[in-house]
Amino acid sequence: MQLYPAIDMKNGKCVRLRQGEFKDVTVYSDCPEEVACKWQEQGATFLHLVDLDGALAGHSVNEETIRRIVSSVSIPVEIGGGIRSEEAIFNMLSLGVKRVIIGTKAVEQPEFLRNMAEKFGAEAIVAGIDAKNGNVAVQGWEQISQVTALKLAQRMRDYGIKHIVYTDISRDGMLSGPNVEATKTLTKETGLDVIASGGVSSMEDLQALYEAGIKGAIIGKALYENRIDLAEAVRRLEGRNDYGRV
């Protein structure tokens with residue numbers, strides 16, 4: 001299982017939100033690139049970045065911070081938050097980002113992801129599916145659509161998308177445990193690389209995801225509050241991955 005330490009950015013700082021609420025924010029570092037280096041030193045083989053300001057604005061806001069992070073580490077990085085145009089995708093990939101995560105557009109214009117996967121390659125385009133009570137949220141989680149997470153995931157598969165980041169908003173930043181069953185259902189029904197996001201609080205949570213056959217897990221608040229030892233988690237759950245590391 002691929003592990004993804006998360007670095008959420010707001011106003012150039014490394015923060016965490018509770019349930020996606022922008023008014024409920026904790027700042028963990030004024031220097032996100034130092035955090036990125038720390039996770040790499042502890043064995044991280046992939047990083048998950050979120051431009052929180054970008055998610056609300058609809059375009060990249062923390063670009064300079066993203067540039068510094070990418071240039072500070074040698075491991076691959078994926079980024080989500082406000083990426084809603086071909087130009088924005090090109091710009092992120094030009095910075096050295098390996099994958100871009102597209103959420104709002106996946107719901108409002110799913111064909112866009114199919115076109116972008118054809119243009120930039122399926123490995124570069126990730127569908128971000130953020131759900132509340134089974135329905136997908138958009139516009140920085142400010143609005144809930146009528147589209148179910150499973151239906152959208154199946155459409156993404158049909159459009160050639162290989163990777164999905166699935167977030168249960170009710171659990172995000174709450175340390176309440178991931179929604180293993182919902183994530184397992186998406187994995188089983190689509191056969192995609194579904195990356196669980198939201199609620200991971202312990203090694204036991206990661207083990208539960210691993211045993212459910214889920215391909216990836218994003219770890220945020222649990223790392224920042226020292227509830228999970230990243231080096232130990234990588235040793236136990238990753239083994240040899242696509243990047244040749246043991």
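Residue numbers count from 1 along this sequence. Side chains are part of it too, since the values below use all heavy atoms of this structure and drop only hydrogens, waters and symmetry mates.
Sequence neighbours left out, not one pair with a member in residues 182-195 passes salt bridge (charged side-chain N to carboxylate O under 4.0 Å, His left out). For the salt bridge (charged side-chain N to carboxylate O under 4.0 Å, His left out) condition, the pairs that include at least one residue of residues 49-59, sequence neighbours left out, are Lys10-Asp53. Pairs of residues two or more places apart, or lying in two chains, never qualify as salt bridge (charged side-chain N to carboxylate O under 4.0 Å, His left out) while including a residue from residues 198-219.
Thr26 meets the side chain to side chain contact (heavy atoms under 4.5 Å, CB included) test with Tyr28; sequence neighbours excluded. With sequence neighbours excluded, the residues satisfying side chain to side chain contact (heavy atoms under 4.5 Å, CB included) with Ala222 are Leu175, Ile219, Arg227, Ile228. Arg68 pairs by the side chain to side chain donor-acceptor pair (under 3.5 Å) definition with Glu33, not counting sequence neighbours. Every residue two or more places apart in sequence or in another chain was checked for a side chain to side chain donor-acceptor pair (under 3.5 Å) with Ser60, and none qualifies. With sequence neighbours excluded, the residues forming a side chain to side chain donor-acceptor pair (under 3.5 Å) with Lys105 are Gln109, listed by chain and number. Taking the side chain to side chain contact (heavy atoms under 4.5 Å, CB included) definition, one finds that Val147 meets it with Val107, Ser145, Leu152, sequence neighbours left out. For Tyr4, the ring pair (Phe, Tyr, Trp, His ring centres under 6.0 Å) test picks out Phe46, with sequence neighbours left out. Taking His59 as the reference, nothing meets the side chain to side chain donor-acceptor pair (under 3.5 Å) condition, with sequence neighbours excluded. Every residue meeting the side chain to side chain contact (heavy atoms under 4.5 Å, CB included) condition with Tyr210, not counting sequence neighbours, appears here in chain and number order: Met1, Gln207, Leu237.
A distance-only check finds a donor-acceptor pair linking the side chain of Gln40 to the backbone of Ser74 [under 3.5 Å].
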